[in-house]
Amino acid sequence: MFKTIARGAALTLALGTAAMPALATETIKAVVIDGYPARSMWVQEFSNFFIPEVDKRLAEAGTYKMDWQESYGGTIVKPKGVLDGIKLGLGDIGIVTTIFHNSKLPSQALAAATPFVSSDARAVAKAVDEIAKEFPAMQAEFDAQNQVYLATGVVLDTYQVFSREKVEKVADLQGDKVAGAGMNLRYLEGIEGAAGVRGGLTDFYNMVQTGLVDHAMLWPEAAATFKISEVAPYMLQADLGAVNTKTVTVNKDYWEGLPAEVQEVLKEVAVLYRDHVAGIAMDRAQESRDAYVAAGGTITELTADQRAAWANAMPNIAAEWARGLDDAGQPGTDMLNAYMAKLRDAGFEPVRDWSADAAMN
């Protein structure tokens, strides 16, 4: 009798369990925006690395999945419009090109304000991202733009100078017009008569082709992507340094509506994406130089003495940057000192010691 009751109870329990519906996976929509085209390396890797990695991690738990809607190349915003686009909710997640927004995101210019320090994208990305997490100032700037900071992106190994005519020394830039973006235009201030002309990657080809400028500052991987060798067949290898130019951000209102599990996955994958794109930038650096030469380009290496002369001829843009933040109540000098120390600890010796110069100002 007791066996019969036990069997009946077990059967009832089994049937009851089978009748319980499995918890459904919740789908969360995410609109991703960048004004640059999908062929841009960091955009490609957002599609090919960031999104699949988030999907994989969420699938392991099975509670949530993302419905990604990717909009690049001006579909929703132009390259300079991502910051405002995310702020206004035109996109949920975006890759902000920070060099276009020095007034709104001044602390993001840290690496750009310290040229001739390191041409290793991985080291610069890690150092800037650590600064952003150690000093609240960087994240507060994005918070003021209704955004949550996820991670810094360094997508270039080092800025170089691409020219219509052969350039062998810094003096060859005197009196010429040079295309650049943001802080790197200030690198020209120590060169007599050189004038910076603001533009973006998608503009540089036409700017050089039409003669609006004589040179453009960009990096070899981008030069290959945008076929710069066709209009600027001479590269001066100045090794001006790696610069953080991209930041992955999330609209703050959207972020606050996300489950904690999804937030955590996005934060974790953003750091992996940071290291992933920096690694690709370094892997492609020599490959891109070779492709530039194969396409008819000529590379001339600037001597160590010439690089030192260029660095020392510049105004102390690092000290100015730090002082501007200090005056606004932010720890600019402390951030500069911490950044330079991180890169020294990573084995990089600057051509010009910007933190020492800043201490004397």
Inset, instruction - Output yes when K56 and E53 qualify as a salt bridge under the 4.0 Å nitrogen-oxygen rule, no when they do not. - result: yes
Legend entry - Side chains of R344 and D353 in contact at under 4.5 Å (non-hydrogen atoms): yes
Legend entry - Derivation and outcome, side chain to side chain donor-acceptor pair (under 3.5 Å), residues Q108 and T247: CA-CA 9 Å; Q108 283 289 307; T247 299; 3.1 Å; yes
Legend entry - V277 reachable from V271 in the ILVMFWY side-chain graph, under 4.5 Å edges: no
Legend entry - Gap between atom CZ of F100 and atom NZ of K78 - 0.5 Å precision: 13.0 Å
Legend entry - Spacing of CH2 belonging to W255 relative to CG belonging to L150, to within rounding of 0.5 Å: 5.0 Å
Legend entry - Heavy-atom closest pair, residues A109 and M183: CB-CE, 3.8 Å
Inset, instruction - Using ring pair (Phe, Tyr, Trp, His ring centres under 6.0 Å) as the criterion, point out the one residue from Y273, Y72, Y36 that pairs with F46. - result: Y273
Legend entry - N/O donor-acceptor pair under 3.5 Å between D203 side chain and G200 backbone: yes
Legend entry - Flag side-chain contact, heavy atom, 4.5 Å: V124 against Y339: yes
Legend entry - Test item: E221 side-chain N/O and L156 main-chain N/O as donor-acceptor pair under 3.5 Å: no
Legend entry - Neighbour count above 12 (heavy atom, 6.0 Å) for E192 CD: no
Inset, instruction - Answer yes if Y234 and Y205 sit in the same cluster of Ile, Leu, Val, Met, Phe, Trp and Tyr residues linked by side chain heavy atoms under 4.5 Å apart, and no otherwise. - result: no
Legend entry - Centroid separation Y292 to F162 less than 6.0 Å: yes
Inset, instruction - Return yes if some donor-acceptor pair links the side-chain N/O of R352 with the main-chain N/O of A311 below 3.5 Å, else return no. - result: yes
Inset, instruction - Show your working on side chain to side chain contact (heavy atoms under 4.5 Å, CB included) between R284 and W219 and close with a plain yes or no. - result: CA-CA 11 Å; R284 292 185 182 177; W219 60 101; over 6 Å; no
Inset, instruction - Check the pair V148 / E256 against side chain to side chain contact (heavy atoms under 4.5 Å, CB included), numbers first and verdict last. - result: CA-CA 10 Å; V148 175; E256 290 172 353; over 6 Å; no
Inset, instruction - Any chance you could measure N316, atom CG, to T114, atom OG1, to the nearest 0.5 Å? - result: 11.0 Å
Inset, instruction - Evaluate the side-chain proximity of D157 to S288: yes if any heavy-atom separation is below 4.5 Å, no if none is. - result: no
Legend entry - From CA spacing to verdict: side chain to side chain contact (heavy atoms under 4.5 Å, CB included), T300, K166: CA-CA 8 Å; T300 301; K166 190 171 186 177; 3.7 Å; yes
Legend entry - Short side-chain to backbone donor-acceptor contact, N184 and A181, under 3.5 Å: yes
Legend entry - Validation row: K87, Q147 side chains within 4.5 angstrom (heavy atoms): yes
Inset, instruction - For the residue pair I191 and W310, establish whether any side-chain heavy-atom pair is separated by less than 4.5 Å. - result: yes
Inset, instruction - May I ask you to decide whether K252 forms a salt bridge with D143, counting only side-chain N to carboxylate O separations under 4.0 Å? - result: yes
Inset, instruction - Identify the heavy atoms of F348 and A123 that sit nearest to each other, and give their distance. - result: CE1-CB, 3.5 Å
Legend entry - E165 atom CD, over 12 foreign heavy atoms within 6.0 Å: no
Legend entry - salt_bridge(K267, E264) N-O dist < 4.0 Å: yes
Inset, instruction - Would you check if there is a donor-acceptor pair between the side chains of K246 and T152 at a distance under 3.5 Å? - result: no
Legend entry - CE-CG distance between M335 and L110, expressed to the nearest 0.5 angstrom: 6.0 Å
Inset, instruction - Using a strict cut-off of less than 4.0 Å between a Lys/Arg side-chain nitrogen and an Asp/Glu carboxylate oxygen, indicate whether K133 and D129 qualify as a salt bridge. - result: yes
Inset, instruction - Report the C-alpha distance between K126 and R274 in whole Å, list the side-chain angles of each, state the deciding distance to 0.1 Å, and finish with yes or no for side chain to side chain contact (heavy atoms under 4.5 Å, CB included). - result: CA-CA 8 Å; K126 185 172 184 291; R274 175 200 77 188; 4.2 Å; yes
Inset, instruction - Determine whether more than 12 heavy atoms belonging to other residues, nucleotides or ligands lie under 6.0 Å from atom NZ of K342. - result: yes
Legend entry - Interatomic spacing from CD in Q139 to OG in S107 - rounded to 0.5 Å: 9.5 Å
Legend entry - Smallest separation among heavy atoms of Q44 and A38, with atom names: CG-O, 3.0 Å
Inset, instruction - Check the hydrophobic clustering (I, L, V, M, F, W, Y; side-chain heavy atoms under 4.5 Å; chains of links allowed) and say if M282 and I299 are grouped together. - result: no
Legend entry - Y64 with F50, same ILVMFWY side-chain cluster at under 4.5 Å: yes
Legend entry - Heavy-atom closest pair, residues T158 and P220: O-CD, 3.9 Å
Legend entry - Shortest non-hydrogen contact between H101 and K80, atoms and distance: CE1-O, 3.3 Å
Inset, instruction - Find out whether I317 and Y187 are in side-chain contact, i.e. whether some heavy atom of one side chain is under 4.5 Å from a heavy atom of the other. - result: yes
Inset, instruction - With rounding to the nearest 0.5 Å, note down the distance linking CE in M66 to CD in E26. - result: 10.0 Å
Legend entry - Close side-chain approach of L236 to Q160, heavy-atom, < 4.5 Å: no
Inset, instruction - Look only at the side chain of R307 and the backbone of F116, and say whether a donor-acceptor pair between them is shorter than 3.5 Å. - result: no
Legend entry - Side-chain (W321) to main-chain (P106) donor-acceptor, under 3.5 angstrom: yes
Legend entry - W68 with L272, same ILVMFWY side-chain cluster at under 4.5 Å: yes
Legend entry - Transitive ILVMFWY cluster of L90, excluding itself - 4.5 Å side-chain cut-off: V31, I33, I76, V77, V82, L83, I86, L88, V96, L105, F142, Y149
Inset, instruction - Determine the minimum heavy-atom distance between A111 and A242, stating which atoms define it. - result: CB-O, 4.1 Å
Inset, instruction - Ignoring hydrogens and angles, tell me if any N or O in the side chain of T25 forms a donor-acceptor pair with the backbone of G62 under 3.5 Å. - result: yes
Inset, instruction - Indicate whether any N or O donor in one side chain lies under 3.5 Å from an N or O acceptor in the other, for D67 and T27. - result: no
Inset, instruction - Measure the shortest side-chain to side-chain distance between I228 and L218 over non-hydrogen atoms and say whether it is less than 4.5 angstrom. - result: yes
